[in-house]
Each structure stands twice: as C-alpha cells, then as structure tokens.
Amino acid sequence: MAQNIVEKILAAHKVSGELTPGSELAIRIDQTLTQDATGTMAYLQFESMGLDQIKADLALSYVDHNTIQVGFENADDHAYLKSVAERYGVVYSRPGNGICHQLNLERFGKPGATLLGSDSHTPSGGGIGMLAVGAGGIDVAVAMGGGPFFLTSPKVTLINLSGALKPGVSAKDVILKVLSIYGTNGNVGRVIEYGGSGLASLGVPARATITNMGAELGVTTSVFPSDETTLQFLKAQGREADWKELISDEGAQYDQVLDIDMSQLEPLAACPHSPGNIATIASLAGKQVNQVLIGSCTNSSYRDLKTVALILTGKKVHPDVEVGIAPGSRQVVEMLAAEGLLTALVSAGVRILENTCGFCIGNHMSPGSGAVSLRTSNRNFEGRSGTMSAQAYLVSPESAAAAAITGVFTDARTLDNLPEAVTEPELFSIDDSMFLFKETAGKGVPGTKIVRGPNIGDVPAGTPLLKQIDGIAVIKVGDNITTDHIMPAGARLKFRSNIPRYAECVFENVDADFYDNASANRDNGLHNIIVAGLSYGQGSSREHAAMCPMYLGVKAVIAKSIERIHCANLINFGIVPFIFDDIQAYESIERGDKLLIDDLLKAVEGNGKTVVCNITKGVTFTVTTGLSDRQKIILLNGGLLAAVGAGVL
Ligand code: SF4
C-alpha cells in the first residue's frame, strides 16, 4: 500500500500497537536529546531507574538554556550533566557550543530516524527528514534506556508548498501563514508532512524553521522529505553518509491537504500574546519598535544571520531601538566572523549575544515596561520575555532587520538595496571539539564520579492512586494556559533542579497566592484540583509543570482540553487529567469550591467516566479521562517512575 513519509518512519520503528489514527502506538527511538533546563531531572530519573548505560543509538545532552550563571546553580547543573554524560555514554555539548536544535540539525540529524527530545521544539529535526517529537524528561529517560515511546497514532496533514518566496519573505512567513490557518488549538494527534513543487527553494534550515514552529500548532510533529536539498546540506556538513532519500509514495493518502503558493505570501507577524495571532507587517507598518532580538532555535542559522548582516551592512541601528543577535551555534558564529559579517553587525550597533537560548526564554535582555519587542523566536506568550507588560511580536529575520534600521514595523520589501537571497554554503565550518564523550557514546565510563552540588535535588516520589479525591478547586484559569504560566522560566530557571524551591513559583504570575493555598491544603490533608479552559498546558514540554504541582498535592486537572505533551506529563507524575463532558460545567465552578470525586479508582480502572460533586454549589457534573491501559497502570502506581520501580512497566 502506498505510504506517506510519516507512515514510513512509524512503520519502520513500530514496536507495538496499530498505525490507525487514534490508537496507541509504541515506537523505537534512535536518538534522544535533552537540554539543561529539563535535562537535570531527565538524568536524575534515568539514574533512579537503575539503568547502567545508554541503549538508544545516540543520546545528546545540550547545555543552552541556563548559561547566564548568576549564582552557583547553573554551574552546579552543568557539572552534574557533564559527569552523568561521561558516566552513562551521553554526548555532552558544552555551554557556548550552541542551541540544541540548531546543533542537532547541523551535526547529528539523520533522515528517516526518530528523535525524542525533552524540549517542545525538537520537531526542528523534521527539517532534515526525522520524525522528531518533544516529550517530558521522564519519557526521554525511558527512551535513553532503550524503552519505546508511546504516542497516539496520528492523522497526517499534507501541506503542498508551490511557487517560491519573494525577496523579503522567508520561511518564518510560511509557518506564520500556516498558524493563521490552523491556529494554536485543536491540532492534537496530528502530524504535518510538507511536500509540493516549491520544496526545492527551501534549504534545510528554512525547513527546520517551519517544523520548529509546528510546535505552536500543537501537532505531534512536522516533517519534510529527504531529497537532493537534504543531501546537499549533509554534504556541506561533511555527513553525506547520513543521507537517505525519503519521499512519499505515489498515491499516498492524507487525512487533510492544504495548498500554499509561497509566491503569494507577504511578511507576517504573530502579535501579542500568541503565535496564532497573525497580522501582516504592512498592517502594522509605522508602529514604533523598542527592541529587536534575532536568533533562537527558530531563526539563527547561517542563512538567516547572513541575511540580517547584509541588510545591516553599512547602516546603523535606529537610536531608539536596542538590537541583539544570538547565533544558533559556534559554526554560525565562525562563518559570520570569517566573512567579516560579525564586524558589519557590530559596526551597525548590534549587541552580539551568546549563542544560547537567552532572550527567547526571558533569561536575558528582557524588554522595558510596555516595550514593543520584535523577535525571530517562536513564542510570544505573555511574560515569556521576562517583562509582563511587554508586547512581543514574532517576525522573520528580514522583518526584524528592517525594523532595526527604521525603528518602526517595516515591510522589508520596501527597503532600498534589499540583498539577494542568501544560499546555503557548499561547505560549513566544522569543529566538533565542544561535543565531549563522542568516543564513549553509548558505553559510558563506569566509575565516573557524578558531581552533585547543592542545587541538585531529588526527584519527588509519587504516591499510588487515591480511592477518592476530597478536593479543593485551588485555582481556576481560562483558555490557552501555557506551561510558562504554570512554571515561569527566565529568572526562575535556575531552580529547575530543586523541586521544593521551584514549586514556590507555580502559577506565581497568575495567582500570587497559589503556593500558599496549595501547600496549606496539602498540609491539611486536602487534595488540590486545577480547573482550566481550552488547550491547557500548551507550549514548552517542561515536566516541572506537572512535577511541581504534584509536589504541592495536586491530584487532578479538570479542563475543557489539555495539550498532548502536558497531558502525558500529568499522567507521568500521577495527576489525573479529566476533560469536562459538558463545558458549561466549567462555568459553575469557582476558586475554593469543594469538589468530591468519590470513585476515582473505578474511573481510572474502568471507562474513565466519573461524577464530580461540587459540594460548595450543590451540583454535579461528569468528566472523562481517556486513558490507555499503560496510562492506567502509570496512574494506579503514582506515576511512571513508580510504575517502572514496581516492575509493572
Ligand atoms: S524555543 Fe527558545 S528556549 Fe526553547 S530551545 Fe528554542 S531557543 Fe531555546
């Protein structure tokens, strides 16, 4: 039977289950990826599983999030990650080497392979033809140990790209167009496959920009074919041997097809505070800009930053705009430097930032109060920049560079002397010396001392499922609550390895009393319940958004809908994810209401349906949790770690 690319990769990696959309499927994982903000917990969980060495083909530990090193915490984390990588056989990417997704694309990505990463933008690997999926750290820990990854067998959407992008319009505008069509909700359980006659005009980094921001759609992942363009990229990276052709069969079937003529696209922006809130740059033209930040894993490739440098060559940044550039990798920095383009950027007045996540996650260069910040990154959630009142817009490198010069939103197509399109080089600058332990990858060095500074805490243990939840609606939130709302990043990132301390920050920008209320309920023997609207837990894959609430005694989330990665994380940490059968019931609940679920065990073991009694209001309503048999076992045991420890998984 004719297969599409997604079916080909899933079939080649299937361990158990069915390739029928909606059914649970287990697949073998070839490569794993962690970053430092989620990695410490992932490796602590790997250690607590008692595994002796890495069993995946390749495991990579990137340090790119917490490199600011104010205080001892970040350095403690790095020392732990380095030692655990050496001990168990993980390749360790030192801080300063670059951003995980850019580096993985450059040096390790392989067409047709599977990649599981403890970062929600792992789908960047789809740009090189990988089936690359983001997940919680504990799922990645299991995959590192050779266990399969469980996912819902997806529906596949084909997006046919035709035509070619005009000068001043680039890959970011393609994915912003897709976001304007599909939005950020309702795409769970779907994979996007790209095809069409326009593919040849998109290099691998451009394709990765598109698959990277597929995460904002809420799809499982996105993937491009592996073709002549992919081969040229791998050749230029000295990795021709990693190439294989991967295209869909003639007559392959898709659940949905969308056609986009790239020649008709114009520069777009995602407006505050959602990547799905799309407007044309033309409609914003003339609006004042205070800050321009270029880079992040979405747009920090050689092609993107050379384009910016050429636009800025011989110009000065506008006196009212601060401009920063965070390159994606050392490779990119070295190549810009070799071509004199770093000099051009510095001469223009650009601040050259470290090649890390930095500004993207509010860890650096937070904008001023109420400032308008143009960013080439992938998320503009309220407060993610580190400034709650800032107005963050997501744009292409071309649009960002244009605003850097003019000080206002500017359609790059209106600039004088817009440079010609930058093409990918025939040979990249290659130096893998900041990847440590490549020689012992997969084997490790037994006897290596694991370094645990005071910032390295323990993984909190779950407890077996309760018979009933005697609960309090400890918080009621609306639609589109992100994991940034639940667990803030930025200045709080350094607490990621210390759960009791990080738990003090849960929902701190949403409800300043949450920690006090939740911990008081827990200490009084009551169970906390989170009540939420649509698309709860969208955004980052951080499992801390489940782990810290678990630590504070949260036993259930009742929502109108819950996003894929977060739902898996809740289950992995023993929190039952319930969905309202009738969303009108959401309206009847207020914060502080007493909610009783008296047959929890039966609901989880049975068909997932149960009655919630709102004792305060004197009403009842029903909720459902659609669990697979494996997920039931996890919840009954109090989480994945407990289930693995009990030997039942
Ligand atoms: S989205 Fe931002 S924080 Fe996350 S990996 Fe990319 S650059 Fe880093």
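For ligands, and for the atoms within them, numbers begin at 1 and follow the listed sequence.
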Run the numbers on R303 and E398 for salt bridge (Lys or Arg N to Asp or Glu O under 4.0 Å), then give the verdict.
-> CA-CA 11 Å; R303 177 266 167 215; E398 290 84 346; 2.7 Å; yes
Are [X] and [Y] within salt-bridge range, i.e. N to O under 4.0 Å?
{"X": "K110", "Y": "D30", "value": "no"}
{"X": "E106", "Y": "R239", "value": "no"}
{"X": "D36", "Y": "R496", "value": "no"}

Logged contact type for R384 with ligand 1, heavy-atom cut-off 4.0 Å, is side chain
What part of H65, side chain from CB on, backbone N/CA/C/O, both or neither, has a heavy atom under 4.0 Å from ligand 1?
-> side chain
Which heavy atom of M335 sits nearest a heavy atom of S429, and at what distance?
-> SD-N, 3.4 Å
Shell of protein N/O/S atoms around atom 6 (Fe) of ligand 1, taken as anything under 2.8 Å = C297 SG
Apply ring-ring contact (aromatic ring centres under 6.0 Å, His included) to Y62 and Y92, showing your working.
-> CA-CA 6 Å; Y62 293 97; Y92 177 76; 9.5 Å; no
Measure the shortest side-chain to side-chain distance between N380 and P275 over non-hydrogen atoms and say whether it is less than 4.5 angstrom.
-> yes
